Amino acid sequence: MAESVTITDNRTGNTIEIPIQNGGVSAAEWAKLLPDIWFYDPGFMQTAACSSAISYLDGDAGILRYRGYPIEELAERSTYLEVAYLLLHGELPDAEQYERWRHDITYHTFIHENMRKRFMDGFHYDAHPMGMLVSSVAALSTFYDEAKNIFDKDIRYWSTVRLIAKMPTIAACTYRFSVGMPFVYTDNNLGFTANFLRMMFEPREEVAWDNPVLARALDILFILHADHEQNCSTTTMRVVGSSHTDPYTACAAASAGLYGPRHGGANEQVIRMLMEIGSIDQVDDFVKAVKSGKGRLQGFGHRVYKNYDPRAKIIKQTADDVFAVTGRNPLLDIALKLEEVALNDEYFTSRRLYPNVDFYSGLIYQAMGFPLNVFTVLFAIPRTSGWLAHWTEMLDQDSKIARPRQLYIGEPERKYVPMDQRD
Ligand code: ACO
């Protein structure tokens, strides 16, 4: 075989040749020779846990495609709802398909009154919106018990529609609750992001929530965040979904994965970091501190991108459009200086650490009027379509329940000692 690896078990002298397919080898082939030998791979650095036809990512070349379409082209020419359809169905919709999709999403944006009044109103007054979102998405499963029938294609479709449609409503609700503002009902005459901006901010006059430039900018940001291969939250979706739980509960688990500062929580941390730096002349000292091991440069680095994150490039253009409406975010100068210093510093270049999607997204969200603690919620809204696309693909592949091996490093067998005899 031209493209293969040969493995010899030195205990027995037995040999097996395993083909290299698509840049990897199959564990099933490996197990034919070595069923008792497993891989130790924390963080899945060298392990592909599934095959997927949704996102293509080349971290060295800085390429991201959804279903074969370059992210740059989708961001320029498409809409978030069209991209959500593409991710889920594998093809761009024709006019009729799109109209049905848009209609179905638009007419499922309402949440049950009990959800808002009884459940969401019960949170503590200063609850973090992301914590509220995680729990509220899980609570949705109690309103749609039929969603457990995950192999019924019709029920699956409506669960998917409901989740994508209700995310912005829940998100706006968490924010308005956290600032003590009354809930605003959805408006079916508005587009996906325009409706969301209205639910968030009406009637705040200092926020340009009804400006179409901001609705389009948010739509682009949603396109950029819709999917990203096997990241932590998407993997969570597939792992939890592999137990055949309902999609609301699986989405809640995926949202929980997104919440952490190493993943979707990073956009909030970037702004906190820029505020802590405070001014351009503090940038050098801050970078020195990071290099000496005091924390990390938030919004920098990526497990897969070892080149500029293509989404970060698009976001920089979107930022200009937004700042033309809202005025320039005063933290932008610090961010630009930080990027310049880091990209010219051997510590960052040798580790191939470049700005990721979150380095600039927070600056845009902040200029638009979103408070910091809503940033990760803004990530969860569009990523829901990616999670559901992976969940659907996984179910159609009839994959096994996720259940990795472990390396046991604990005590060997020992006898139970009664409490009065312990040292
Ligand atoms: N600042 C400073 N040093 C860093 C950073 C950073 N942001 N990221 C990685 N490094 C360094 C590490 O200290 C390590 O150095 P060493 O080899 O001397 O020990 C090396 O680069 C490799 O880092 P790892 O943590 O092994 O890289 P990994 O691929 O596991 O982590 C991650 C990727 C979590 C994204 C990391 O780069 C990070 O913490 N970045 C900051 C948080 C962030 O922006 N997250 C958002 C990611 S994008 C997203 O989820 C949408």
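Start at 1 with the first residue, then count along the sequence. As the structure is a prediction and not an experimental result, all values here were calculated from the model. Every number for a ligand or one of its atoms is a count from 1 in the order of the listing. Atoms considered below: every heavy atom in the structure, side chains included; atoms not considered: hydrogens, waters and symmetry mates.
- For L297, a nitrogen or oxygen atom sits less than 3.5 Å from a nitrogen or oxygen atom of ligand 1, counting backbone and side chain alike.
- Less than 4.0 angstrom separates some heavy atom of H263 from each of these atoms of ligand 1: 46 (C), 49 (C), 50 (O).
- Using a 30° and 60° split on the angle between ring planes, W38 and Y40 fall in the perpendicular class, above 60°.
- Interface atoms of ligand 1 facing Q298, defined by a heavy-atom separation under 4.0 Å, are 42 (C).
- Contact annotation: for L353 versus ligand 1, heavy atoms closer than 4.0 Å belong to the side chain alone.
- Using a 30° and 60° split on the angle between ring planes, F379 and H225 fall in the perpendicular class, above 60°.
- Every atom of ligand 1 with a heavy atom of D358 under 4.0 Å away is listed here by number and element: 46 (C), 49 (C), 51 (C).
- Residue A266 has no nitrogen or oxygen atom sitting less than 3.5 Å from a nitrogen or oxygen atom of ligand 1, judged on distance alone.
- Taking the six-membered ring for Trp and thresholds of 30 and 60 degrees, F123 and F119 have ring planes more than 60 degrees apart, a perpendicular arrangement.
- The N/O atoms of F300, backbone and side chain alike, include one that comes under 3.5 Å of an N/O atom in ligand 1.
- In terms of protein heavy-atom proximity, atom 47 (C) of ligand 1 is nearest to N356 ND2, 3.6 Å.
- The distance from ligand 1 to the heavy atoms of F379 drops below 4.0 Å at these ligand atoms: 51 (C).
- Ring pair H302/F359: centre-to-centre distance not below 6.0 Å.
- Considering backbone and side-chain N/O of R311, none are found under 3.5 Å from N/O of ligand 1.
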Practice item. Would you sort out whether D345 and K291 count as a salt bridge (charged side-chain N to carboxylate O under 4.0 Å, His left out), showing the intermediate values? Key: CA-CA 10 Å; D345 189 306; K291 284 162 57 179; 2.7 Å; yes
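- Looking from atom 39 (O) of ligand 1 to the surrounding protein, the closest heavy atom is R296 NH1, 2.9 Å.
- Near V290, with a cut-off below 4.0 Å to any heavy atom, the atoms of ligand 1 are 2 (C).
- Residues that satisfy the salt bridge (charged side-chain N to carboxylate O under 4.0 Å, His left out) test with R176, not counting sequence neighbours, are absent from this structure.
- Donor-acceptor pairing under 3.5 Å is lacking for the side chains of S52 and E229.
- For atom 15 (O) of ligand 1, the nearest protein heavy atom lies closer than 4.0 Å.
- At the top of the distance list for atom 34 (C) of ligand 1, counting protein heavy atoms only, stands R262 O, 4.2 Å.
- In F359, neither the side chain nor the backbone holds a heavy atom less than 4.0 Å from any atom of ligand 1.
- Closest to atom 33 (C) of ligand 1, if we only count protein heavy atoms, is R303 N, 3.8 Å.
- Remark: atom 22 (C) of ligand 1 lies closer than 4.0 Å to no protein heavy atom.
- Within the 4.0 angstrom cut-off, atom 3 (N) of ligand 1 has one or more protein heavy-atom neighbours.
- Under 4.0 angstrom from ligand 1, the non-hydrogen atoms of R351 all belong to its side chain.
- Under a 4.0 Å criterion applied to the non-hydrogen atoms of G299, ligand 1 contributes the atoms 43 (C), 44 (O).
- Closest to atom 35 (C) of ligand 1 among all protein heavy atoms lies G301 O, 3.7 Å.
- D284 has no carboxylate O lying under 4.0 Å from a charged side-chain N of K288, or vice versa, which leaves the two without a salt bridge.
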**Study point:** Full working for side-chain hydrogen bond (donor to acceptor under 3.5 Å, both in side chains) between Y80 and S385
**Key:** CA-CA 10 Å; Y80 165 65; S385 58; 3.1 Å; yes
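- The line from CZ of F177 to CE of M120 is 8.5 Å long, rounded to the nearest 0.5 Å.
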Run the side-chain donor-acceptor check on residues 261-275: report pairs under 3.5 Å with partners two or more places apart or on a different chain.
{"residue": "H263", "atom": "NE2", "partner": "N231", "partner atom": "OD1", "Å": "3.3"}
{"residue": "H263", "atom": "NE2", "partner": "S233", "partner atom": "N", "Å": "3.3"}
{"residue": "H263", "atom": "NE2", "partner": "S233", "partner atom": "OG", "Å": "3.0"}
{"residue": "N267", "atom": "ND2", "partner": "F375", "partner atom": "O", "Å": "3.3"}
{"residue": "E268", "atom": "OE1", "partner": "H128", "partner atom": "NE2", "Å": "3.4"}
{"residue": "E268", "atom": "OE2", "partner": "R272", "partner atom": "NE", "Å": "3.4"}
{"residue": "E268", "atom": "OE2", "partner": "R272", "partner atom": "NH2", "Å": "2.8"}

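- Inspection of the H228 and Y305 side chains reveals an N or O donor paired with an N or O acceptor under 3.5 Å.
- Ring orientation note: the planes of F196 and F222 are tilted relative to one another, at an angle of 30° to 60°.
- Protein heavy atom nearest atom 48 (S) of ligand 1, with residue, atom name and distance: H302 CD2, 3.6 Å.
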